[in-house]
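Have a look at the structure below before the remarks.
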Amino acid sequence: MSNNQNNHLDQLNQFNPIISINGTITNKENAKISVLDRGLLFGDSIYEVLMAYDSVVFLLREHLDRLWNSAEGLFMNIPISKNELSHEIIKTIKAAGNKISYIRLMITRGEASRFGLDNDFCSKGNFIIIVQKHSGHSSHYYSEGVTLGFADVIRNDVRALNPKIKSGNYLNNFLAYMSVKNKEKGAYESIMLNSDGQVTECSTSNIWIIKNDKVFTPPTTVGILAGITRETILKLGKKIGMEIREENFGAKDVINADEAFISSTTRIIFPATKIVSDLRDQKIGSGVPGPMTMRLLAEYRKFINEYINRYRDNDL
Ligand code: PDD
C-alpha cells in the first residue's frame, strides 16, 4: 500500500465524529440514512459549518438564520424549530465532550417515495448533526499565509443556483478547487470570477483585499455566500476605525493588492501571500502576512473570547 493510502487510512481512523440523526446520537458506523434520500439523489440538502468552544456554539443564531434562509431559497421545510434544533446541537456537542468542536449541521429533503423532481414525492426531511474534535489549524497558515489561484470555472450565476443558498450541492466549488489543485503549482484556495469577470469568492471562503489602507470585499450581489465570518469582520473593522467597503473588483486588483486574506468559520482569517495566475506567479504585496490583516485577525480572536465568556454559563 502506498504512503498516501496509509495516511488516508490513518486519518479515517482518527475521524470519529459523534452524530445525531433526527435526535438519536450515535457513531459513524451506525449513522445511517436512506439511499433514497433526496440529499443523495439530487444534492437536495442544506448545511452549515459551525464551531463550538466547550459547549458554547459561536454565532449559533446567525448560522440558524442563514440555514432558514437557505431552506426558503429551496422551498424546503426544516422538520424542527430553531429552538429545538439549538437544543439538539448542544446535546450532541455535550455527548462529544470536545474542547473545540467542528459541527456540520445538515437538513435533507427526505426520502423519495418515487423518482421525480416534485417535492411532494418525499417524506419529512432529516436533520443531521456531525460533531468532530477540532485540533486547530497549523500555525504556519497564519505566520506564512496561503497561495491563491484563479479557478478555470466561473461561480454559479445568482439566477442559476444562487451561491447565497448553502446547499449540499457543492460541485461548482469542488470543480473550482480542482482546477487550481491540478495546476503545476497547486494553490491552497481558488478564486472564482463571475461571467462579468468580477471576483466573487473562493471555493470554501470569502475573499478580501487591502489597497492603500482600505479593505475591500465583494458585495453579496456579485453572487457569493454571505459568510458569517465576513459579516463579523465588516462590523469589527468598522468598530476599530478601518475603512472597510463592500465593492466589486477584478483579478488584477487581487494581483496588485497590498494585502489579501480569506475568511471562513473554521479558519477565521488566513492571510493570502502569494498568487498563481496565468500572467505570472507572484507575491501579494510584500509576500508576508500584512499588518491590517493581522490586526483584523487579532480583533476577531478577541471577539471569539468575549463571546465565549458571555455565553459560557448560558446553555444557548
Ligand atoms: N464554508 N464562501 C463559501 C463558498 C463557503 O463554503 C464558506 C464557508 C464561506 C465562508 O462562510 P462562513 O464565514 O459563514 O463560514 C464563504 C464552510 C466553512 C464549509 O463549507 O466548510
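Counting convention: from 1, in listed order, for ligands and their atoms alike. All heavy atoms count here, side chains included; hydrogens, waters and symmetry mates do not.
- In this structure, E48 does not count as a contact residue of ligand 1, since none of its heavy atoms falls inside 4.0 Å of the ligand.
- The atoms of ligand 1 that sit less than 4.0 Å from any heavy atom of N173 are 4 (C).
- Nearest protein heavy-atom contact of atom 10 (C) of ligand 1 is N206 OD1, 3.6 Å.
- Nearest protein heavy-atom neighbour of atom 12 (P) of ligand 1: T265 OG1, 3.4 Å.
- Remark: ligand 1 atoms within the under-4.0 Å shell around heavy atoms of G227 are 11 (O), 12 (P), 13 (O), 14 (O).
- Contacts between T229 and ligand 1, counted as non-hydrogen atom pairs separated by less than 4.0 Å, involve both the backbone and the side chain.
- Across M294 and Y142, no two heavy atoms sit closer than the pair CE-O, 3.7 Å.
- Within the 4.0 Å heavy-atom criterion, the part of S203 lying near ligand 1 is the backbone and not the side chain.
- Near S264, with a cut-off below 4.0 Å to any heavy atom, the atoms of ligand 1 are 10 (C), 13 (O), 15 (O).
- Residue-ligand proximity, C202 to ligand 1, at heavy-atom distances under 4.0 Å covers atoms 4 (C).
- If you run side chain to side chain contact (heavy atoms under 4.5 Å, CB included) between P218 and each of T200, N194, I207, only I207 comes through.
- Counting the atoms of ligand 1 from 1 in the order shown, those under 4.0 Å from a heavy atom of Y47 are 19 (C), 20 (O).
- Scanning the protein heavy atoms around atom 8 (C) of ligand 1, the nearest turns out to be T204 O, 3.5 Å.
- Per-residue contacts place K166 under 4.0 angstrom from the following atoms of ligand 1 (heavy atoms of the residue considered): 1 (N), 6 (O), 8 (C), 17 (C), 19 (C), 20 (O).
- In this structure, the protein non-hydrogen atom closest to atom 21 (O) of ligand 1 is V49 CG2, 3.6 Å.
- Remark: minimum distance from atom 6 (O) of ligand 1 to any protein heavy atom is reached at Y170 OH, 2.6 Å.
- E201 OE1, 3.5 Å is the protein heavy atom nearest to atom 3 (C) of ligand 1.
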